[in-house]
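First the structure, in the form of structure tokens, and then the observations on it.
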Amino acid sequence: MKLEVLQFELNARKVSVRVKPDATLLDVLREDLDLTGAKRGCGEGECGACTVLIDGMPVDSCIYPALKAAGKNIETIEGLGTEDNLHPVQKAFLDEGAVQCGFCTPGMILTTTALLAKNQSPSEEEVKVALSGNLCRCTGYTKIINAVKVAARNINKL
Amino acid sequence: MSHKVIGCSVEQINGSKKVTGKSKFTDDLKMQGMLIAKVLRSNIPHARIKKIDISIAEKIPGVIAVLTAKDIQGENSVGIIIKDEPVLTDEKIRRIGEPIALIAAETEEQADMALAAIDVKLEEIQGVFDPEEALQPSATLVHKGGNLLVHKKLRRGDAETAFKEAIVTAESNYITQMVEHAYIEPEAGIAYCDQDKVILLVSTQDPHYDREEIARVLGIGQHKVRVIQQPTGGGFGGKLDISVQCHVALLARATGRPVKLTYTRQESIIASPKRHPYKIYYKSAAGEDGKLLGVKVKIICDTGAYASYGPAVVTRALVHATGPYSIPNVHVDAYGVFTNNPVCGAMRGFGVPQMAFAHESQMDILAEKLNISPWEIRRRNFLTPGAITGTGQKLGQSVGILETLNKVQSYVKEQGWGN
């Protein structure tokens, strides 16, 4: 299969990568760029483990054609904070015990980041609606919702 | 005295790796020269295999190994309690998803092409999908030894007399469904050889059991198998059984290269064990005061094509048939039955939640018949310290059920959900 050149902005850096025309954005991130923070949970846009931000919007990268990302701004969990310098959303998830097995966590955190960029003080209902595309099977929703509220408060204090 | 751990909120080990996406789950790992594995699985539930032809699949460019049952040098069986499940079948198919052949190829596309090129000749057999039908003398046999996996009995006091003396009785049948765990991380494993050792990196809940089974299947000592549990993206009991472990180990030994097998979501749902569906026939007898005099219960647990944790789940169904109640006369029969349904194994609650649906519904029915509140009838029957359970265990110093119910009742009132 003939490869196509794909250029986009990834975590504030310009990247250029040769991809199969039928590759998904998740394939390119995981296989070609070695960014494995976005996970393949279902492969059909149901579970949200593969969530990345495209121009600030949370998107299921497992069903997003890679070539459609041309020229766009992509943020993955690797671009958010580091272990030594956590982003307030990452810190809130850790502090509030909102991380169990951790497989859904990167997607949950990115969706939360997108929500809080638009809405600085979301109601519980707004948090639930925003996270409705991210599944957790450890049944940790109560703590996840709580972590989003704590993150919102902490960001507002900054 | 101050503690660093007890009574404190302790940060999860590796938590900072999980929130930054640095945690390496099995499918996140790559190794030099690593092959991709696929499993050929049956798409029909009951059949006899006549012939497996891998000659075309083997010739596909990039395909490094195609393995069938005859390539297994050790024992071709796994199972936590009974070793009744073939690693690769070459005789009989007992369920949809039964593994028949393994492929290792340079790319996923090549592995998929090889899967499609394997020719399997089958003779279909009528399947049995209802556990009660499976117990009939005329039923098709799933296993040679019969369809009854296990029958467990619990007898205490004299239930017949209790029903004669009862003021009120309740008799209902309950059916519960099969449930998939649906952990967000599908099963995944990588195997590679290090001199004469086989190393596994795997998403699992039971690495010690995995090691034992891999060694038996490869026909080598356990000291030559090392299983490393990678961060595991949920299990809930569903990753206690063998999934990819023996398959990647066989392929790594056959090719001498690292081999990765990651299930798709579809394969995970088809191949993994489930929660046992139950049919429960429940009769309860109570006196005028609402106190339980006796219960008679028959439970039929569908374990699917293989035993997995079935015998243990059936025991738990039996033991928990009486719920948190003090019942002097108890007569319970619990059956684990083979069918051609998906294999049922361990899942959160391990056979007990199904029983709660039945014994709690019975309490509500009795309360209504006696015009007692559903809270009150439970309080009158709860196990307390010093009470004897259905299995004859005298309870010790603490039984938390009354305190729990009181808290639930306060909460229900607070929320305005009722009385």
Side-chain angles (χ1 to χ4, degrees), chain A residues 1 11 20 22 27 29-31 34-44 46-50 52 62 76-110 112 134-140 147, chain B residues 8-31 34 36 107-110 179-188 190 203-205 229-239 260 262-269 272 275 347-349 353:
Chain A
M1 209 181 286
N11 298 329
K20 289 182 197 160
D22 64 346
D27 294 332
L29 291 172
R30 289 180 61 83
E31 303 303 326
D34 281 326
L35 293 178
T36 55
K39 308 297 181 193
R40 192 185 306 277
C42 67
E44 52 191 55
E46 290 292 338
C47 77
C50 64
V52 301
C62 74
T76 70
I77 191 73
E78 288 87 351
L80 209 55
T82 60
E83 282 187 73
D84 300 332
N85 185 23
L86 294 175
H87 182 278
V89 175
Q90 290 170 316
K91 188 168 183 329
F93 269 67
L94 199 51
D95 289 348
E96 297 305 313
V99 180
Q100 291 192 57
C101 83
F103 203 77
C104 73
T105 305
M108 290 279 182
I109 287 175
L110 287 172
T112 302
N134 293 78
L135 301 184
C136 159
R137 286 290 293 170
C138 302
T139 64
Chain B
C8 303
S9 262
V10 179
E11 193 179 295
Q12 186 184 140
I13 290 175
N14 292 337
S16 63
K17 286 196 162 47
K18 287 179 177 173
V19 296
T20 51
K22 296 269 181 269
S23 229
K24 291 293 179 195
F25 292 83
T26 306
D27 191 57
D28 300 337
L29 301 170
K30 283 181 190 165
M31 292 181 70
M34 189 171 79
I36 300 299
T107 69
E108 190 173 350
E109 291 76 10
Q110 291 162 341
V179 184
E180 158 66 26
H181 310 72
Y183 20 76
I184 302 287
E185 181 208 22
E187 294 81 347
I190 295 171
S203 172
T204 180
Q205 291 181 265
Q229 185 197 11
Q230 288 302 122
T232 293
F236 322 128
K239 289 178 183 169
K260 185 201 275 188
T262 303
Y263 284 178
T264 60
R265 174 61 51 189
Q266 191 182 22
E267 187 172 15
S268 175
I269 290 175
S272 70
R275 183 190 291 287
M347 186 174 186
R348 283 180 164 188

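To find a chain, count down the sequence lines: A is the first, B the second, and so on, and within it residues start at 1.
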Select, from B:Gly235, B:Gly233, B:Ser23, B:Ser16, the one with the greatest count of heavy-atom pairs under 4.5 Å involving chain A. B:Ser16
Do NZ/NE/NH1/NH2 and the carboxylate oxygens of B:Asp27 and A:Arg30 come within less than 4.0 Å? yes
So for B:Lys17, is it side chain, backbone, both, or neither that comes closer than 4.5 Å to the heavy atoms of chain A? both
pair A:Glu31-B:Glu108: side-chain heavy atoms closer than 4.5 Å: no
Contact winner vs chain A - B:Ala182, B:Ser9, B:Pro186, heavy-atom pairs under 4.5 Å: B:Ala182
If the condition is salt bridge (Lys or Arg N to Asp or Glu O under 4.0 Å), which residues does A:Asp27 pass it with, not counting sequence neighbours? A:Arg40
Using only non-hydrogen atoms and a strict under-4.5 angstrom cutoff, which residues of residues 87-97 of chain A touch chain B? A:Gln90, A:Phe93, A:Leu94
Look at the side chain of A:Lys39 and the backbone N and O of B:Asp28, then say whether any donor-acceptor pair between them is shorter than 3.5 Å. no
Could you walk me through whether B:Arg265 and A:Glu44 satisfy the side chain to side chain contact (heavy atoms under 4.5 Å, CB included) test, starting with their C-alpha distance in whole Å, then the side-chain angles of each, then the deciding distance to 0.1 Å, before giving a yes or no? CA-CA 9 Å; B:Arg265 174 61 51 189; A:Glu44 52 191 55; 5.8 Å; no
For the residue pair B:Tyr183 and A:Cys138, establish whether any side-chain heavy-atom pair is separated by less than 4.5 Å. no
At a 4.5 Å cut-off on heavy atoms, which part of B:Thr264 comes close to chain A: side chain, backbone, both, or neither? neither
Taking all heavy atoms of A:Val99 and all of B:Val19, pick out the closest pair and write down the distance. CG2-CG1, 3.6 Å
Closest non-hydrogen atom pair, B:Thr232 against A:Cys101: O-CB, 3.5 Å
With only heavy atoms counted, which part of B:Glu109 is less than 4.5 Å from chain A, the side chain, the backbone, both or neither? side chain
List for me each residue that meets salt bridge (Lys or Arg N to Asp or Glu O under 4.0 Å) alongside A:Arg137, sequence neighbours excluded, and say none if there are none. none
Can you tell which part of A:Leu86 gets under 4.5 Å to a heavy atom of chain B, answering side chain, backbone, both or neither? side chain
If I measure from the heavy atoms of chain B, does A:Thr82 come under 4.5 Å with its side chain, its backbone, both, or neither? backbone
Has B:Gln266 got more than 12 heavy atoms of other residues, nucleotides or ligands less than 6.0 Å from its CD? no
B:Glu11 versus chain A, heavy atoms under 4.5 Å apart: side chain, backbone, both or neither? side chain
Once you round to the nearest 0.5 Å, how far does CG of A:Asp84 lie from OG1 of B:Thr20? 9.5 Å
Over all atoms of both residues, closest heavy-atom pair of A:Pro106 and B:Gly21: CG-CA, 4.4 Å
Sorted by chain and residue number, the salt bridge (Lys or Arg N to Asp or Glu O under 4.0 Å) partners of B:Lys18 (sequence neighbours excluded) come out as none
